[in-house]
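In the text below, chain A, chain B and the rest are named by the order of the sequence lines, each starting its count at 1.
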2 protein chains.
Amino acid sequence: MTESLRRQVTLDEVAERAGVSRSAASRVINNAPHVSRAKRAAVERAVSDLGYVPNANARALASQQAGAVVLAISSENPRAFADPFFAEVVVGISSVLEETDHELMLMMATSARGQARLGQVLRTRQAAGVMLMSMHGDDPLARLAEQADVPVVFGGVPATFEPRYYVDADNRGGARLATEHLVTCGRTRIGTITGRMDEGAGLARYRGYQDALAVAGLDATRVIHGDFSEDGGADAMRELLTAHPDVDGVFIASDQMAIGALRVLQEAGITVPTDVALVGFNDISTARHTTPPLTTISQPIQPLGREMARMLLAVLAGERPSPLILPTRLTKRESTGTSTNPT
Amino acid sequence: MTESLRRQVTLDEVAERAGVSRSAASRVINNAPHVSRAKRAAVERAVSDLGYVPNANARALASQQAGAVVLAISSENPRAFADPFFAEVVVGISSVLEETDHELMLMMATSARGQARLGQVLRTRQAAGVMLMSMHGDDPLARLAEQADVPVVFGGVPATFEPRYYVDADNRGGARLATEHLVTCGRTRIGTITGRMDEGAGLARYRGYQDALAVAGLDATRVIHGDFSEDGGADAMRELLTAHPDVDGVFIASDQMAIGALRVLQEAGITVPTDVALVGFNDISTARHTTPPLTTISQPIQPLGREMARMLLAVLAGERPSPLILPTRLTKRESTGTSTNPT
DNA sequence: CTGAAAGCGCTAACAC
DNA sequence: GTGTTAGCGCTTTCAG
């Protein structure tokens, strides 16, 4: 690391300095076999003397395989990536990638243009693999990735098909946990505000609600479909109150919606949790600060990102990892009754 | 886009199909001059027939300049990127980049390894430029970027030096606004909980507090230094209460700290805003949902990202844009008194 | 305006 | 074990 921090140092220079052929140098760099200890050492010295750094572009071009992987987020809404959820996922991914020689490219495949570019990046082998998140319905991205003939790992399961490789949180189990908790609290007229039914998570959470009530032998028809957003949650709660005024507990498929619902309940003079108990999903940071604080299902978001990255790495290495479902857990707070006052 | 979605289509193939030389084809692709209309059209047809997509690696190698730009986040804490703030910035950046042919690489220059890799990426011209965020003290990253001899745009101003190109929010002005609001509300014993003083934002917000009180002719010595975190805010508020029990208004340099402070105040039986009025900074999403909701300074976060990207693009294009300071504004909520009950 | 030729820095057969 | 030889797909002089 002594000389020239600005200029490119080439392999040839290293080879010359070390007094070996370029192939030998190359072999050392990629620690391939068939190099004598002496040469190996010489090359290594030259590398550190010169501060050699391989040129990733040349390497990718020659070997037809890139070092970068891409994280693509698909959504008709460009703001989707502003969701703190993704920030966490990215942290998880980066923490794994940082240990390897893979760079992370971020692509918001929002517009047609964005999608085209993703296809282009994949097709020209600028990226070795893709992690795909947040697709609803039959997302064109999925197809695009398949065509590109590049390893794809999904974060979350699309609503319409089960990918070969994916990591997901146990949405169904979590929803079941949430609903069971409501049952445990003594609620008997339990409704739900679902997420979008064209997303895997929305569907799974709805199923979990049904599971729990089936087991408890309770009616599972107090259902309003929402869209995961705060305002959507408010609207849905109004509908729910109208359609089923007797509801005494609600499982809400996202904390954002739960916050909207909370507002509506307050405005209607309905007390949480005394009159109606609430459970959300996601454990966003705001959930701790609402009044009352929100009981919710916590997801291991950063691990989700980590495992996505690990899985992609595994596929890249020629393995065939199995899909992974990460556990979710109940985080009790006051919106379902305090511990000192269990209903 | 008819044939072969999987295979690389090369420029030569396009040239052959169009019945022109490779150079001609290349010129058309890069819409350079010196090509007859006829040839141009032929090439364009061939391109779309074949679904040609230039290979970015080859291009970068040959031209010695990459298409990708990197967003590097520096922090001793890998979780820093989990901050929703960054997610917003990234959205802003992406929205601009999506219109261009630049890819976005994300690098968390957390570990020494991460920093080394960043240097490597820059040095081997895998990236055309860098956007750097969140540095405190004399961040090694800044130096690294300079050495690499690649355009660098800073997001926020480091505490120790003023970079050539940067975009920042008007932290000082915002802090002043916040403090002035406290004055307007009739508070006279106004304290502050600052952020980290080795970050530009922490410093600037403290100065803004001083500015406002100097103008108002009020005492500006009720100062406790915090660290931007929720727990840090709680600790700081305890200290402040001990050191200056007479305080009746506090400007707190981040909403996270303000939330911690709010908790301490509540526990101490001090009513907000009646006894003590509070103003935070950032307008994080939780600020709307605390009890009482938090008056705070809103920053244009997404625009910040957008402008960073635009500035980098400008530099890349050979321009010399001036640094940019984005305005901040006061968002009034109940923590400084309701509008129906202005103190 | 146009095309030929010479690389960019590296990998990968292939002979030795 | 080792070095030589071709390229990877593109840009870029440089003559025509």
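Between the P atom of D:dG9 and the CZ atom of B:Arg27 lies a distance of 21 Å, rounded to the nearest Å. If you take CG of B:Leu50 and P of D:dG9, they are 14 Å apart, rounded to a whole angstrom.
Other residues, nucleotides and ligands contribute over 12 non-hydrogen atoms within 6.0 Å of the CD atom of A:Glu44. Residue B:Gln120 places its CD atom among more than 12 non-hydrogen atoms of other residues, nucleotides or ligands, all under 6.0 Å distant. Within a 6.0 Å radius of CZ in A:Arg45, other residues, nucleotides and ligands contribute 12 heavy atoms or fewer.
Of the side-chain N and O atoms in B:Lys39, one or more sit less than 4.0 angstrom from OP1 or OP2 of C:dT2.
Checked by atom type and distance alone, the side chain of B:Asp83 pairs as donor or acceptor with a backbone atom of B:Phe85 at under 3.5 Å.
A ring-centre distance under 6.0 Å is not found for A:Phe86 and B:Phe86.
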Identify all pairs in which a protein N or O lies below 3.5 Å from an N or O of nucleotides 8-12 of chain C, and state each distance.
residue : atom : partner : partner atom : Å
C:dC8   : O3'  : B:Gln64 : NE2          : 3.4
C:dC8   : O2   : B:Ala62 : N            : 3.2
C:dG9   : OP1  : B:Gln64 : NE2          : 3.4
C:dG9   : N2   : A:Ala58 : O            : 3.4
C:dC10  : OP1  : A:Tyr52 : OH           : 2.4
C:dC10  : OP1  : A:Asn55 : N            : 3.3
C:dC10  : OP2  : A:Leu11 : N            : 2.4
C:dC10  : N4   : A:Arg22 : NH2          : 3.3
C:dT11  : OP1  : A:Asn30 : OD1          : 3.4
C:dT11  : OP1  : A:Arg59 : NE           : 2.7
C:dT11  : OP1  : A:Arg59 : NH2          : 3.4
C:dT11  : OP2  : A:Ser26 : OG           : 3.2
C:dT11  : O4   : A:Arg22 : NE           : 3.4
C:dT11  : O4   : A:Arg22 : NH2          : 3.0

